[in-house]
Amino acid sequence: MIQTDSITTDAAAKLIARVAVGDRNSFKDLYQLTSPRLFAMCLRLLRVRELAEEALQDAFIKIWNSAATYRSERGTALGWLSRIVRNQCLDYLRYRRVEAVYHVDSHGNGDEDMLNNLASADQKSPEQLAEAASDNEHLARCLQALKSKQQELISVAYTEGLSHSELAHRFTLPLGTVKSLVRRALLSLKVCLERGLS
Amino acid sequence: MRLSNSTLINYLAAEYALGTLRGAPRRWLEATAARNATLDTAILKWQGHLVTLDQTEATPAPEIWIAIERRLNWVPTAVAVVPSFWQRIGVWKAWSFAATVAAIALVIVILQKTPSIQPQEWHAFAVLESPQQQRIMVLASDDLMTLWFTTAQPLAIPAGKSYQLWWIAPNEAPVSVGLLPGANGGRITLQGTATEKSQYVALAISVEPAGGSPTGQPTGEVVFQGKLFNPT
């Protein structure tokens, strides 16, 4: 069984296969299994609970409608689900629906606390944390091999959904430098990840 | 542009999965991936790797699952055809209860943050919902001189018709805001001061002849409605 992290891709992939033939109970099970991870992703990207809830709803409607297009041989179930959810959230960001909130966030307070509270409210057992850490070890090891600025750029770009120009603004770096750092980081990650898999 | 170089495919897939590929290139890559298995696989591999970066969990409120079931028409919704404009608005009140609760929370967030929001920035203003649960997100500029309407899917505006927006105030006749610029929404410049707008509590959209209502009042079906998040 391939395991990307605490959510077994086996379980999620089996549920998606049943959702593809219209099994509503499996859709509910899939939602219960994966929505805490996917909702946290939306919250981090959109920062406003109401918008994150909207995006999660939209994404799960798409998941119901497109389950038949999932091919397990192409990638993990969680990767496939995260693609749909992140695209939905990035669409919301694209329309600058939360631009004002982003602006004030740079002054601190409010939503960061909310995210921290949410994380602690859903705390895993030590066993689950150990399991998740082990599953995540591969990517973490490859990330650690990057230069610290590259690590930071990749992590912030992914978890906060920042574009190249937003990264440039956040890190006070020229746009060209950011593009080049991200590109080199991704190429290094690929080499490292492939070495680990072979 | 043909995609044959594996390094290029991998690089684009990585930027896509990371989220740094934006705009037209992102949409092009998405469309290409739908018919290019190599690219689709590369994207999914990257998504599978990157999703392990953030293992935070946050359980959504139970209402979210109920809302999803409702949008998939798995639970019955009360749809009624009634003749008057105000009665039609009334039918939607129950549906908008959850949105109202959410709106209050958002208002609190916005009010807490208002002092440092600069002019000409945008804040969430309302979500308009149709009986089919299609939604239009409405943003307002902070000076309340512009509304920005965005939709997830293009609206099915009938040929030869316009979608006209109306301000709704308690016990008052609807006041025209203007015509929705297009099927994907768009911007409308508003008239009047913020104080003049303070009486309004909701927005509604009716189907009108092209160019707008001939009477100055809604004459066609009300297709979207939603309370304002942050009453002016």
Side-chain angles (χ1 to χ4, degrees), chain A residues 4-6 24 28 31 35-37 39-41 43-44 48-51 53-54 56-58 60-61 64 74-76 78-80 82-83 86 90-91 94-97 99-101 103-104 107 110 118-119 122 132 135-136 139 154-155 157-159 161 163-164 167 182-183 186-187 190 193, chain B residues 7 10-11 14-15 17-20 22-23 26 30 34 37 40-41 43-61 63-65 67-69 71-72 74 102-103 105-106 109-110 112-114 116-118 121-124 127 135 137 139 142 148 150 152 229:
Chain A
T4 54
D5 60 24
S6 55
R24 295 183 183 185
K28 186 166 190 179
Y31 177 84
S35 64
R37 275 289 288 283
F39 185 50
M41 186 181 279
L43 278 173
R44 223 177 262 292
V48 176
R49 176 175 271 274
E50 289 69 29
L51 295 182
E53 289 173 341
E54 288 285 323
L56 189 75
Q57 283 182 44
D58 289 349
F60 266 90
I61 302 292
W64 169 258
R74 292 190 186 176
T76 66
L78 193 58
W80 184 77
S82 76
R83 176 178 175 180
R86 287 179 61 80
L90 290 175
D91 268 357
R94 182 160 61 92
Y95 287 119
R96 296 285 182 256
R97 288 173 176 174
E99 188 168 304
V101 179
H103 177 81
V104 294
H107 299 285
L118 284 166
D122 280 6
D135 298 333
N136 193 25
L139 181 76
I154 295 293
S155 183
Y158 185 78
T159 56
S163 65
H164 286 129
L167 287 170
V182 168
R183 179 179 185 145
L186 289 170
L187 292 175
K190 178 173 187 280
L193 288 165
Chain B
T7 306
N10 177 69
Y11 172 64
E15 290 267 8
L18 188 63
T20 43
R22 295 290 175 93
R26 185 174 187 86
E30 179 75 19
D40 197 52
T41 305
I43 288 173
L44 276 179
K45 275 193 177 150
W46 273 108
Q47 299 276 20
H49 288 311
L50 291 171
V51 77
T52 64
L53 265 178
D54 184 0
Q55 304 207 11
T56 315
E57 295 199 346
T59 303
E63 292 76 25
I64 306 307
W65 171 252
I68 290 170
E69 283 190 309
R71 288 176 63 182
L72 290 168
W74 292 357
L106 186 61
V109 169
I110 290 172
Q112 283 172 343
K113 294 167 178 303
T114 297
S116 51
I117 295 176
Q118 299 302 311
E121 291 194 338
W122 301 86
H123 59 272
V127 174
R135 284 153 192 212
M137 175 71 81
L139 299 183
D142 285 349
W148 186 357
T150 64
F229 283 165

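Every chain is numbered from 1 and lettered A, B, ... according to where its sequence line falls, protein lines coming before strand lines.
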Seminar exercise, completed: The interface call for A:Leu167 against chain B, heavy-atom contacts under 4.5 Å, is side chain
Problem set entry | Carboxylate-amine/guanidinium contact A:Arg37 B:Asp54, below 4.0 Å | no
Problem set entry | Flag side-chain contact, heavy atom, 4.5 Å: A:Thr76 against B:Leu44 | no
Exercise. Tell me, side chain or backbone of A:Tyr31 under 4.5 Å from chain B's heavy atoms, or both, or neither?
Worked result: side chain
Problem set entry | Contact check, side chains of A:Met41 and B:Glu57, non-hydrogen atoms, under 4.5 Å | no
Problem set entry | Pair A:His164-B:Arg22, side-chain contact (heavy atoms from CB on, under 4.5 Å): steps then yes or no | CA-CA 9 Å; A:His164 286 129; B:Arg22 295 290 175 93; over 6 Å; no
Exercise. Got a second to check how far B:Leu50's CG is from A:Ile154's CD1, nearest 0.5 Å?
Worked result: 7.5 Å
Seminar exercise, completed: Whatever's closer than 4.5 Å to a heavy atom in chain B on A:Trp64 counts as side chain
Exercise. Are side-chain heavy atoms of B:Ile43 and A:Arg74 found at a separation under 4.5 Å?
Worked result: no
Exercise. With a 4.5 angstrom heavy-atom cut-off, which part of B:Ala37 approaches chain A: side chain, backbone, both or neither?
Worked result: both
Problem set entry | N-O pairing of B:Asp40 and A:Arg83 below 4.0 Å | yes
Problem set entry | Exercise: identify the closest heavy-atom pair between B:Thr59 and A:Phe39 | C-CD2, 4.0 Å
Problem set entry | Among the listed options A:Leu56, A:Thr159, A:Ile61, the residue most often paired with chain B at heavy-atom distances under 4.5 Å | A:Ile61
Exercise. Side chains of B:Thr20 and A:Ser163: closer than 4.5 Å at any heavy-atom pair?
Worked result: no
Exercise. Can you tell if the side chain of A:Tyr158 reaches within under 4.5 Å of the side chain of B:Val51, non-hydrogen atoms only?
Worked result: yes
Exercise. What option among B:Trp65, B:Tyr11, B:Trp46 has the most heavy-atom pairs under 4.5 Å with chain A?
Worked result: B:Trp65
Seminar exercise, completed: Under 4.5 Å to a heavy atom of chain A? For B:Glu69 that would be neither
Exercise. Any side-chain heavy-atom pair from A:Asp58 and B:Arg71 closer than 4.5 angstrom?
Worked result: yes
Problem set entry | For A:Ala40 against B:Ala58, the heavy-atom pair lying closest together | CB-N, 3.7 Å
Exercise. Are the side chains of B:Arg26 and A:Leu90 in touch, meaning some heavy atoms are under 4.5 Å apart?
Worked result: yes
For this session: Please report the shortest heavy-atom distance between B:Leu53 and A:Ser155, naming the atom on each side.
Result: CD1-CA, 4.5 Å
Exercise. Quick one: are A:Arg86 and B:Gln47 in side-chain contact, heavy atoms under 4.5 Å?
Worked result: yes
